[in-house]
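We name chains A, B, ... by the order of the sequence lines, and we start the count at 1 in each one. As the structure is a prediction and not an experimental result, all values here were calculated from the model.
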Number of protein chains: 2
Amino acid sequence: MTMVRNTRQRQAVIQALRETQSHPDAAWIHGQVRSVLPSISLGTVYRTLDALVRDGVVMTIERAGQATRFDYKHGGHVHYHVVCRQCGAIHDVSAEAVTLPSAGLPAGFVVQDVRLEYHGLCADCAQPEEQL
Amino acid sequence: MTMVRNTRQRQAVIQALRETQSHPDAAWIHGQVRSVLPSISLGTVYRTLDALVRDGVVMTIERAGQATRFDYKHGGHVHYHVVCRQCGAIHDVSAEAVTLPSAGLPAGFVVQDVRLEYHGLCADCAQPEEQL
DNA sequence: ATTGTTGCAAAAATTTTGCATTAAG
DNA sequence: CTTAATGCAAAATTTTTGCAACAAT
């Protein structure tokens, strides 16, 4: 019987995620946690984050060539993401009004996570090219 | 005035994408295109795919640590993706019934691409652990 | 002619992994 | 005690880039 151990590393990673409003990447989390556990390794941060994602308490925003961003599901609140392709800024969008189709999925597929992402340019990055 | 040149490399990459029903990665596309243009480099495939994504004619499914998968928008048909976390299989889901919220986005954000992804386990990978 | 593209190869970056050691339960 | 989890460092992968040569317009 496999049991998850409540290590200090795990606690610290979870706390770091809980404390931030941003959507940090593994390196940022590592930096934060280091102030509490100076010897924690980046590998452990990655392994812990993987576990949290599998447990469904953390969401990810994944972009090729960019570090994965992690997002703690505060209170299990369902929400989606707005991602700026230029600067990488990520904003949350509450999911109140969204009704996603549950039909049309392949037979037998077990949904573990639904992601709705709007990719584009944030207000700052979209501003018309000032006269160059 | 920047103009896109219709190179043979670009044509070949587009054709490879059009011909497949799968959601190939850059390496697969490179392999395909090589049968027509033996000397095309993987770098060029990546650059071409980037351009096609920017042009909005190709969608991507991006996963950390996994090669990005590319999907040609045949006839501009809007659809979403079902992704198996285990085996990486990707299925399309038509978007007919979906009504996505256009409100709630940050002011001034310019949406270029909307992604709806269902992540989980496909029927094969989800089958209950046979008695081990 | 111009200059956007290519091929090559090296580099950058992110994420994963093997293994001996540590520590949670 | 047991064995899941850690730290370290190396490895594996994917993606990006600099630059001289090439080719589309």
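The phosphate of dT5(C) has neither OP1 nor OP2 within less than 4.0 Å of any side-chain N or O from Thr44(B). Taking only side-chain nitrogens and oxygens, Tyr46(B) never comes nearer than 4.0 Å to OP1 or OP2 of dT16(D). Contact check, Thr7(B) against dT5(C): no side-chain N or O comes under 4.0 Å of OP1 or OP2. For Thr68(A) and dT14(C), the shortest distance from a side-chain N or O to OP1 or OP2 is not below 4.0 Å.
Distances from the side chain of Gln9(A) to the nucleotides dT16(D), dT6(D), dT6(C) place dT6(D) closest. For Ala67(A), the listed nucleotide lying nearest its side chain is dT14(C); candidates were dT14(C), dT25(D), dT5(C). Checking dG7(D), dG25(C), dA24(D) against every side-chain atom of Met3(A), the shortest atom distance belongs to dG25(C). Checked against dT2(C), dT6(C), dC8(D), the side chain of Ser41(A) finds its nearest nucleotide in dC8(D).
Closest-nucleotide positions on DNA chain D for Leu42(B) and Asn6(B) were compared, and the one nearer the 5' end corresponds to Leu42(B). When the nearest nucleotides of DNA chain D are assigned to Gly65(B) and Arg34(A) by heavy-atom distance, the more 5′-ward of the two goes with Arg34(A). Mapping Ala26(A) and Ile40(B) onto DNA chain C via the closest heavy atom, the residue that lands nearer the 5' end is Ile40(B). Summary of the strand contacts: Val4(A) and Ala64(B) both lie near DNA chain C, and taking for each the nucleotide with the nearest heavy atom, the more 5' one is attributed to Ala64(B).
Checked against Val58(B) for a side-chain contact (heavy atoms from CB on, under 4.5 Å), the options Thr48(B), Asp71(B), Leu52(B), Asp50(B) give a single hit: Leu52(B).
Protein atom CZ of Arg8(A) is 10 Å distant from nucleotide atom C1' of dT22(C), rounded to whole Å. Note: CG (Asp50(B)) to P (dT15(D)) measures 10 Å, nearest angstrom. A straight line from CZ of Arg10(A) to P of dA24(C) spans 14 Å, rounded to a whole angstrom. Between His30(A) atom NE2 and dT15(C) atom P the separation is 14 Å, expressed in whole Å. Summarising the geometry, the separation between CG on Leu49(A) and C1' on dT14(C) is reported as 13 Å, rounded to the nearest angstrom. For Ile29(B) and dT15(D), the CD1 to P distance is 11 Å, given to the nearest whole Å.
Between the side chains of Ser94(A) and His77(A), a donor-acceptor pair is found at a separation under 3.5 Å. For the 3.5 Å distance criterion, the side chains of Gln15(A) and Glu19(A) qualify, holding a donor opposite an acceptor.
Sparse packing is recorded around NE2 of His91(B), with 12 or fewer heavy atoms of other residues, nucleotides or ligands lying under 6.0 Å away.
A donor-acceptor contact under 3.5 Å links the side chain of Arg47(A) to the base of dG7(D).
With a 4.5 Å cut-off on side-chain heavy atoms, Arg10(B) and Val4(B) count as touching.
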